[in-house]
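For reference, the structure discussed in these notes is given below.
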Amino acid sequence: HNVEIGRHCLIAAQTGIAGSTVLGDYVLVGGQTGIAQHLKIGSNVQIAAKSGVINDLEDGSRYGKKMTLTDELPFTNIFKTGGVPAVPIRDFHKQTLFLRKITSSNK
């Protein structure tokens, strides 16, 4: 479907990339990730597993998934992006810490 994949990209199993999307060089995509159509994923982007990418991602960006109260807390890993929808990894970690805080204070 006219997807362009740059040099030295690593795409894990069960990843879907919709038509006319362009991946830059050295992109890492975790498993079970979905990438919408007609997007530009910049070079050196890292996307965590189970992410849903619906917007263009700038070079070197990091995204992490939004958490729900039933999600397990993630271990720190090499990925820079993730989530449904994908959010900057720093925001992802802030959301995780917030959820941990509010759930532990209610016990």
Side-chain angles (χ1 to χ4, degrees):
H1 290 88
N2 200 35
V3 171
E4 296 180 29
I5 299 175
R7 299 175 317 148
H8 306 290
C9 292
L10 227 144
I11 302 170
Q14 298 182 336
T15 293
I17 304 172
S20 300
T21 292
V22 177
L23 272 64
D25 298 332
Y26 305 99
V27 174
L28 299 178
V29 183
Q32 297 182 340
T33 293
I35 301 174
Q37 62 200 12
H38 304 288
L39 297 182
K40 181 176 185 320
I41 309 301
S43 294
N44 298 303
V45 169
Q46 297 174 1
I47 305 169
K50 298 184 178 182
S51 296
V53 180
I54 58 174
N55 296 310
D56 292 341
L57 301 179
E58 296 179 13
D59 290 350
S61 60
R62 296 178 164 192
Y63 287 81
K65 74 177 201 162
K66 288 186 175 179
M67 299 292 287
T68 66
L69 292 175
T70 58
D71 284 340
E72 293 181 22
L73 297 175
F75 292 102
T76 303
N77 57 38
I78 64 168
F79 290 103
K80 297 180 178 181
T81 71
V84 181
V87 297
I89 200 71
R90 188 172 177 91
D91 293 343
F92 168 67
H93 289 299
K94 285 179 183 179
Q95 293 167 3
T96 302
L97 291 173
F98 176 75
L99 288 174
R100 181 184 293 170
K101 183 177 178 180
I102 65 169
T103 58
S104 65
S105 65
N106 291 331
K107 291 183 180 180

Would you check if [X] and [Y] make a side-chain contact, meaning some heavy-atom pair closer than 4.5 Å?
{"X": "Ile35", "Y": "Val3", "answer": "no"}
{"X": "Gln37", "Y": "Ser20", "answer": "no"}
{"X": "Ile47", "Y": "Thr15", "answer": "no"}

Knowing that exactly one of Val22, Val29, Val27, Ile11 qualifies, which makes a side-chain contact (heavy atoms from CB on, under 4.5 Å) with Ile5?
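It is Ile11; the other options fail the test.
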[atom1] of [X] to [atom2] of [Y]: how many Å apart, nearest 0.5 Å?
{"X": "Leu57", "Y": "Ile41", "atom1": "CG", "atom2": "CD1", "result": "4.0 Å"}
{"X": "Gln95", "Y": "Arg100", "atom1": "CD", "atom2": "CZ", "result": "14.0 Å"}
{"X": "Lys50", "Y": "Thr33", "atom1": "NZ", "atom2": "OG1", "result": "10.0 Å"}

Considering all heavy atoms of both residues, which atom of [X] and which atom of [Y] are nearest to each other, and what is their separation?
{"X": "Leu99", "Y": "Thr103", "result": "O-OG1, 2.8 Å"}
{"X": "Cys9", "Y": "Gly24", "result": "SG-O, 3.1 Å"}
{"X": "Ala12", "Y": "Gly30", "result": "CB-C, 3.7 Å"}
{"X": "Leu39", "Y": "Asp56", "result": "CA-OD1, 3.3 Å"}

Is there a chain of hydrophobic side chains (I, L, V, M, F, W, Y, each step under 4.5 Å between heavy atoms) that links Leu28 to Tyr26?
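Not linked; separate clusters.
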Residues that Ile54 engages under side-chain contact (heavy atoms from CB on, under 4.5 Å), provided they are two or more places apart:
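With sequence neighbours excluded, Ile54 shows a side-chain contact (heavy atoms from CB on, under 4.5 Å) to Pro85, given in chain and number order.
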Report the residues that fulfil side-chain contact (heavy atoms from CB on, under 4.5 Å) with Asp25, sequence neighbours left out, ordered by chain and then residue number.
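Only Arg7, Ser43 meet the side-chain contact (heavy atoms from CB on, under 4.5 Å) criterion with Asp25.
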